[in-house]
Amino acid sequence: STGGKRRQQNRNRSTQPQDGSRGLGPADYNSSDQKTACRRHELYVSFRDLGWQDWIIAPEGYAANYCDGECSFPLNAHMNATNHAIVQTLVHLMNPENVPKPCCAPTKLHAISVLYFDDNSNVILKKYKNMVVRACGCH
Amino acid sequence: VDGNNEVHPGFIHRRLRTHEKREMQKEILSILGLPHRPRPHLSQGKYNSAPLFMLDLYNTISSDEKSQVEGLLDRYQSTRTTQSPPLTTYQETAFLNDADMVMSFVNLVEYDSEFSPQRRHHKEFKFNLSQIPEGEAVTAAEFRLYKECVSPTFRNDTFQLKVYQVLKEHPDREADLFLLESRSLWAAEEGWLEFDITATSNLWVMSPVHNLGLQISLETSSGQSITSKEAGLVGRDGALEKQPFMVAFFKVSEVYVRTTR
């Protein structure tokens with residue numbers, strides 16, 4: 001529902017190839033496709049800015065990252081597209097009103113460890129899975 | 001911000017409103033599995049032995065993301081004194097490899113209880129294990145004491161250190177104790193001593209009413225009862241970084257489900 005406005009915004013984005021990008025070179029695809037392609041963006045969650053240093057001992061924050069961009073045909077332009085994303089794209093092309101395009105979403109997530117005090121001043125070191133987006137792709 | 005440290009042009013910038021910020025903080029706390037922001041009572045807490053020990057573990061696993069668990073194990077083993085037994089059993093190693101949460105507990109006993117003449121040198125330790133997140137099971141737990149080199153009076157002596165679990169307390173007589181471990185110590189040895197209290201910790205987590213703490217006693221080789229201070233064990237009046245504490249390793253035994261808000 002926000003496609004028109006969103007596409008307009010996306011066209012203005014700068015090209016920033018994702019780590020480990022493969023496939024065809026920039027000349028093989030329309031440059032606007034490259035600019036709007038699904039990719040990972042940096043987003044840092046700062047525990048320090050939240051004023052949580054009194055109970056979080058480490059880290060000060062973590063690079064959570066997020067995924068954003070278009071997942072449009074051809075999917076080779078996008079890294080880490082799942083096989084089913086191709087099916088989703090085909091069905092979308094046949095019925096664009098009712099079937100959405102594949103989504104730009106994380107394909108690789110990593111864990112972080114957080115060291116913090118609880119209410120009793122005991123210390124907890126805990127590993128949290130799926131906190132950091134390492135790679136994005138089309139699903 | 002992109003790789004060149006420039007703001008992504010598509011990113012919408014606006015300052016969050018106060019209630020949005022509060023909601024966002026709640027969401028992050030929810031991701032961390034916490035019902036509310038912890039409010040620890042810290043005086044010199046950050047420089048105490050338990051947080052320092054935990055920070056060491058954290059630094060080790062953070063510096064080597066690829067082998068987080070191995071790093072944890074290596075670091076853990078390197079903190080042990082040369083006199084203390086190594087982690088040799090397959091079961092212990094497997095427990096540590098499986099751990100996905102480590103928690104340290106501070107000793108809550110401010111002053112030692114009034115013990116009977118027979119137990120006048122007993123020392124008491126209590127730990128609050130009531131706030132273990134649901135679904136976490138203890139895979140290993142240790143009680144850690146720091147021993148310093150003692151005065152020349154006892155330098156060539158050995159001590160017998162006994163660690164007991166308090167089973168039941170009575171108003172009119174001595175508490176019932178269960179001997180967990182008895183260990184010989186050289187008077188001249190210095191470093192951390194670790195005692196396996198896995199079974200005891202499991203009982204305390206499953207049944208908090210049974211958490212009546214631990215007691216220790218010390219005797220010279222001639223059978224004379226001595227205080228823990230005489231044997232070089234660091235107590236409340238000792239250095240902050242050498243305070244006794246317990247550490248437990250946990251494994252998630254249930255699938256974590258975020259609560260409905």
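To find a chain, count down the sequence lines: A is the first, B the second, and so on, and within it residues start at 1.
Only the side chain of Tyr116(A) has a heavy atom closer than 4.5 Å to any heavy atom of chain B. Residue contact with chain A, scored on non-hydrogen atoms closer than 4.5 Å, is absent for Leu108(B). In this structure, the portions of Leu50(A) lying under 4.5 Å from any heavy atom of chain B include both its backbone and its side chain.
Residue Leu57(B) holds its CG atom at 6.5 Å from CG of Leu125(A), rounded to the nearest 0.5 Å. Distance CE/Met131(A) to CD1/Ile28(B): 8.5 Å, rounded to 0.5 Å. For the atom pair CG of Asp118(A) and CD1 of Ile132(B), the computed distance is 8.0 Å after rounding to the nearest 0.5 Å.
Residues Asn122(A) and Ser104(B) share a closest heavy-atom pair of CB-O, 3.1 Å.
Between Ile31(B) and Tyr128(A), every side-chain heavy-atom pair lies at or beyond the 4.5 Å cut-off. Contact check for Met101(B) versus Ile124(A): side-chain heavy atoms found under the 4.5 Å cut-off. A heavy-atom distance below 4.5 Å is not found between the side chains of Pro38(B) and Phe117(A).
Side-chain atoms of Tyr58(B) never come within 3.5 Å of backbone atoms of Val114(A) as a donor-acceptor pair (strictly under, hydrogens ignored). Panel note: side chain Ser121(A), backbone Pro40(B); no donor-acceptor pair is recorded below 3.5 Å. The main-chain N or O of Arg39(B) is never found under 3.5 Å from a side-chain atom of Asp54(A) such that the two would form a donor-acceptor pair.
Side chain to side chain, His36(B) and Asp119(A) meet the donor-acceptor criterion of an N or O pair below 3.5 Å.
Other residues, nucleotides and ligands contribute over 12 non-hydrogen atoms within 6.0 Å of the CG atom of Asn95(A).
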**Asked** Hey, mind stepping through Trp52(A) and Leu29(B) against side chain to side chain contact (heavy atoms under 4.5 Å, CB included) and telling me if it holds?
**Response** CA-CA 11 Å; Trp52(A) 286 356; Leu29(B) 286 170; 3.8 Å; yes
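Among residues two or more places apart in sequence or in another chain, the salt bridge (Lys or Arg N to Asp or Glu O under 4.0 Å) test is passed with Glu148(B) by Lys242(B).
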Which pairs would a plain distance check flag for residues 201-209 of chain B, meaning a side-chain donor or acceptor within less than 3.5 Å of a matching protein atom at least two apart in sequence or in another chain?
from: Ser201(B); atom 1: OG; to: Ile197(B); atom 2: O; distance (Å): 2.8
from: Trp204(B); atom 1: NE1; to: His210(B); atom 2: O; distance (Å): 3.4
from: Ser207(B); atom 1: OG; to: His210(B); atom 2: ND1; distance (Å): 2.5

